[in-house]
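Report on the following structure.
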Amino acid sequence: RIEVKSEVAGRVWKIEAEPGATLAADDPILIIESMKMEIPVGAPRGCRLVEVRVAEQEAVAEGQVVAIVEA
């Protein structure tokens, strides 16, 4: 299992993938809004999304685990 972390502090704008989804490298899991910019958080490689640990509109910190995937 791999922890997917936010690279910026901000607010979850939209969750793009649901648990159980099969993702390719860089497919968006969710989008974070930070300083009026939309920053996608993507899959690190081809994987399956196990868990999303945040909700839409939730504030996130830089380095916070936002999802769990498995290869």
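Sequence positions, counted from 1, serve as the residue numbers for this chain.
- Atoms CD and CD, on Glu56 and Glu33 in that order, are 12.0 Å from each other to the nearest 0.5 Å.
- The side-chain heavy atoms of Ile2 and Cys47, taken from C-beta on, include no pair separated by under 4.5 Å.
- For the residue pair Pro28 and Ala17, the shortest heavy atom distance occurs at O-CB, 4.0 Å.
- Taking every heavy atom of both residues into account, Arg11 and Ala59 meet most closely at NH1-N, 3.8 Å.
- Taken together through direct or relayed side-chain contacts under 4.5 Å among Ile, Leu, Val, Met, Phe, Trp and Tyr, Leu23 and Ile39 form part of one hydrophobic cluster.
- Both Val60 and Ile15 belong to a common hydrophobic cluster when Ile, Leu, Val, Met, Phe, Trp and Tyr are linked at side-chain heavy-atom distances under 4.5 angstrom.
- Val50 has its side chain out of reach of Val69: every pair of non-hydrogen atoms, C-beta onward, lies at least 4.5 Å apart.
- Nearest heavy-atom pair across Gly10 and Ser34 is CA-CB, 4.3 Å.
- Taking each heavy atom of Gly20 and Arg48 in turn, the nearest pair found is O-CG, 3.8 Å.
- For Arg1 (side chain) and Glu70 (main-chain N/O), no donor-acceptor pair under 3.5 Å exists by modelled atom type.
- Side-chain heavy-atom separations under 4.5 angstrom define the hydrophobic clusters, and the remaining members of the one that includes Ile31 are Trp13.
- Glu16 is not listed as a side-chain neighbour of Leu30, based on a closest heavy-atom distance of 4.5 Å or more.
- Taking a 6.0 Å sphere around CZ of Arg45, one finds it holds 12 or fewer heavy atoms contributed by other residues, nucleotides or ligands.
- Taking 4.5 Å as the limit, some side-chain heavy atom of Val4 sits within range of a side-chain heavy atom of Ile29.
- When side chains are defined from C-beta on, Gln64 counts as touching Val54, because their heavy atoms get closer than 4.5 Å.
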side-chain contact (heavy atoms from CB on, under 4.5 Å) assessment of Val41 paired with Glu7: CA-CA 8 Å; Val41 176; Glu7 295 179 5; over 6 Å; no
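- The two atoms that bring Ser6 and Ala61 nearest to each other are CB-O, 3.8 Å, heavy atoms only.
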